[in-house]
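Given the structure is predicted, the values throughout are model-derived calculations rather than measurements. The chain is numbered in sequence order, starting from 1.
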Amino acid sequence: AGGEGGLWDVYVDLPAREVVVAEQSAKDFGVTSVHRDLGRVLSSAADMSDEELIKAVADKTAELLAKLQVLVDEEEGEGLTLGSLTEQLPNAALANFLFGVALAEGLARTD
């Protein structure tokens with residue numbers, strides 16, 4: 001797999017249709033249905049124009065954020081916590097991933 005220098009967590013090799021998680025990051029990247037779904041989009045990217053790829057990734061991102069907003073609304077708009085996500089979701093890897101996204105988007109709280 002490519003990715004010179006080792007300064008990456010996930011390397012997407014479009015021509016080879018391969019997604020590689022760096023060894024040092026593997027424990028942080030439990031594969032979930034969200035990852036597989038995005039992986040399918042990225043693996044078909046070699047057959048897409050740049051504009052189609054950008055739209056496909058933007059659409060998947062919008063879907064993910066809409067699902068997160070539903071979870072936030074269930075918390076009465078107070079923001080998600082890792083604990084609340086872990087209680088709502090049976091998959092710990094998915095809860096951790098979604099919490100990271102929620103933090104990045106300002107939809108989570110750390111208390």
Do Glu75 and Gln88 get their side chains close enough for a donor-acceptor pair, meaning under 3.5 Å?
yes
Whether Ser84 side chain and Leu80 backbone form a donor-acceptor pair below 3.5 Å
no
Got a second to check how far Thr81's OG1 is from Leu103's CG, nearest 0.5 Å?
10.0 Å
Could I get the full list of salt bridge (charged side-chain N to carboxylate O under 4.0 Å, His left out) partners for Asp47, not counting sequence neighbours?
Arg17
Can you check side-chain contact (heavy atoms from CB on, under 4.5 Å) on Leu71 and Leu107, steps first, answer last?
CA-CA 10 Å; Leu71 295 173; Leu107 299 173; over 6 Å; no
Using the salt bridge (charged side-chain N to carboxylate O under 4.0 Å, His left out) criterion, which residues pair with Lys55? Sequence neighbours excluded.
Asp59
Which distance, rounded to the nearest 0.5 Å, do you find between the CG of Leu85 and the CG of Asn91?
11.5 Å
For Leu89 and Ala95, work out which heavy atoms get closest and say how close.
CD1-CA, 3.9 Å
Here the salt bridge (Lys or Arg N to Asp or Glu O under 4.0 Å) pairs for residues 79-89, sequence neighbours left out, are none
If you compare all heavy atoms of Phe97 against all heavy atoms of Leu64, which two are closest, and at what distance to 0.1 Å?
CE2-CD2, 4.1 Å
So if you build clusters from Ile, Leu, Val, Met, Phe, Trp, Tyr with side-chain heavy-atom gaps below 4.5 Å, do Ile54 and Leu65 land together?
no
